[in-house]
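Here is the structure we will look at, set down as structure tokens.
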Amino acid sequence: MDKIIAFALGTQAAGEINQIKGAFGAIQELTGDSFDVDDAFLLPADVKSVDDLRRKMLFSEYSSYNKFKADIYGCLDTYMKKSKIIPRIFVVAYSQAENEYAGSNVDAVCRAVKEYYDENKLGFILTSVLTSKLHKYKYVDLVNAPKHLLTLNSRIRYLQHKSIKKRALITVGTINNFSLQKVKQKKEDLMNMIKKYSRNAELKPAVQKLKDFCKAEKRVVFCLGGRVNGSEVIFDVNYAGKLLSDAEKLTRIGYNVVFCNGPRTPNDVTDYLYEKTLNNSKILFQNCKKIAEDDSERTISSWRIYSGRNEEKFKVLEKMGNIYPGVLGFENTLVVHTFDSYSSCETAGAAIPTAISSQGLYIDPNVRYDCHNLQKLLCPKYAIDWDDFVNMACNMKIEPKDLNPLVLSSPLRVFAETCLNRIISMGKRKITKKKIN
């Protein structure tokens, strides 16, 4: 029986990479066929790894399909030259930030991949997209459409059209690469890091805050989202000030707090929270955003890369790494997600007490209805509203351990099983392996 391995379109977005790696892991676990997930991305010839990628190839940014197709073919040539086994599953992570172009961007790359396989006589390829709206795709075989992305019209189309229903995999929550087991491992890594740098003069203030956090009886971790390409999400310093004020209230009743930003968190918000928390012994801000390496990355268009006032200080703090998953591994800890992010699905699915913050963060409900839908889907069944928790913590002494949310089921296994069943049902499981020279 031949191996079933997968590959994906490269992306610079950490959230999309985690979705793809989660899908890869589920496929490997189900089939028993291993492959290097870090090496399973379509990349331009001059890009060595997905970590070095600065932009995803988007059909919407090309003047014609043929020019886009030529670049995708170039990536496929590069990939196939190093691959001994021809992949049978192609994965794309859908990006909400691409707005009205997202569906056509996905369909175009799937079309190019199918045409490449056909022209080179490589056999069958199953194309799939993760966390997508229910578009009328022509070249996507499997569409993972979480419920929060479905509009009334798309629900009707799903029920009325057999072709759409056949392709769709409806899930609650998003596919991800997150688990309680990984959190526990990251907690051990965090404790080792603290020991390693406990005597480092430059890191001493931050390490001491982490030590205090580890010893605290009750804790809160903020996972910050941020802006998008358009104006539909406004994540500003005013909202950051509101979150900081909430955190300060909790420190006065015994909590220790960690703030972690993300690639989309604006530089001014990052600077504000870092600088405002420097003198608070119970609040640590750790930058998790890539720092600009040169002036080419200190531009308006490179907003996912940090280039604010604290570059040099953050370069020192980089030694501590991304502490976010590790600090979630302690008992009596609540993680707070801003409701522009899908990361709440990860912690809610890992049985970690989860809150969603929305008050003060503007998200246009007509454009990003998905964020509003996800909050309603998760709260209060799987997560608690952040402002409700603050009120209860301050007035009723409620702690994270007192919350008993239901655990959100992971769609990973279902996705992998569906991929394999599609291949089996079409009689494509026994495929002759071809070595690429």
Side-chain angles (χ1 to χ4, degrees), residues 1-58 68-95 105-106 109-110 112-117 120 122-131 141-142 144 175-179 181-182 185-186 189 263 290 293 304 321-322 325 412 415-416 419-420 423 431-437:
M1 188 173 287
D2 294 323
K3 281 189 174 183
I4 297 294
I5 68 171
F7 69 139
L9 178 66
T11 173
Q12 83 288 357
E16 294 171 21
I17 291 173
N18 285 332
Q19 287 184 50
I20 292 168
K21 288 186 175 181
F24 285 168
I27 292 168
Q28 290 187 88
E29 184 178 352
L30 183 64
T31 63
D33 298 333
S34 63
F35 57 93
D36 186 350
V37 298
D38 292 318
D39 204 32
F41 288 89
L42 284 188
L43 302 170
D46 60 342
V47 178
K48 293 183 179 180
S49 74
V50 70
D51 293 332
D52 299 322
L53 192 66
R54 293 292 174 266
R55 57 179 290 274
K56 180 165 62 175
M57 286 182 292
L58 303 174
F68 171 74
K69 176 180 172 180
D71 278 358
I72 295 297
Y73 272 33
C75 294
L76 284 162
D77 286 339
T78 299
Y79 177 88
M80 292 298 179
K81 285 178 182 178
K82 65 182 180 182
S83 177
K84 295 181 179 180
I85 304 296
I86 299 172
R88 295 302 167 192
I89 302 172
F90 178 66
V91 182
V92 184
Y94 184 94
S95 175
N105 285 339
V106 167
V109 70
C110 288
V113 169
K114 281 182 174 290
E115 290 175 350
Y116 182 91
Y117 267 62
N120 289 278
L122 298 179
F124 176 76
I125 182 69
L126 177 78
T127 56
S128 62
V129 57
L130 307 178
T131 314
D141 300 313
L142 180 61
N144 164 229
I175 287 175
N176 57 71
N177 191 33
F178 192 90
S179 69
Q181 181 180 2
K182 291 180 180 179
Q185 179 57 56
K186 291 296 184 180
D189 295 342
K290 183 185 179 300
E293 296 180 359
R304 287 181 178 271
N322 181 5
L412 277 171
F415 172 78
C419 285
L420 194 58
I423 293 173
I431 304 170
T432 303
K433 287 182 285 188
K434 297 180 181 179
K435 290 191 175 181
I436 306 298
N437 298 319

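- Expressed to the nearest 0.5 Å, how far CZ of R54 lies from NZ of K290 amounts to 4.0 Å.
- Put simply, CG on L42 and CG on D71 are 12.0 Å apart, with the number rounded to the nearest 0.5 Å.
- D36 CG to S83 OG: the interatomic distance, rounded to the nearest 0.5 Å, is 11.0 Å.
- Looking at K84 and I5, their side chains never come closer than 4.5 Å, going by heavy atoms from C-beta outward.
- Note: F7 and F35 fail the aromatic proximity criterion, with ring centroids not under 6.0 Å apart.
- Atoms CG and CG, from L30 and L420 in turn, are 5.5 Å apart once rounded to the nearest 0.5 Å.
- To the nearest 0.5 Å, atoms CG (N105) and SG (C110) are separated by 11.0 Å.
- No donor-acceptor distance shorter than 3.5 angstrom exists from the side chain of T127 to the backbone of L142, with no hydrogens or angles considered.
- Between F90 and A8, the shortest heavy-atom distance links the atoms CE1-C, 3.8 Å.
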Per-pair distances, 0.1 Å, donor-acceptor, side chain in residues 16-23, under 3.5 Å, sequence neighbours excluded:
unit_1	atom_1	unit_2	atom_2	d
E16	OE1	T11	OG1	2.8
E16	OE1	K56	NZ	3.1
E16	OE2	S95	OG	3.3
N18	ND2	A14	O	3.3
Q19	OE1	T131	OG1	2.5
K21	NZ	D38	OD1	2.7

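- Note that CD1 of I125 and OH of Y116 are 11.5 Å apart. Values are rounded to the nearest 0.5 Å.
- Put simply, the side chain of M80 does not reach to within 4.5 Å of the side chain of N120, judged on heavy atoms.
- A donor-acceptor contact under 3.5 angstrom links the side chains of N177 and K182, judged on distance only.
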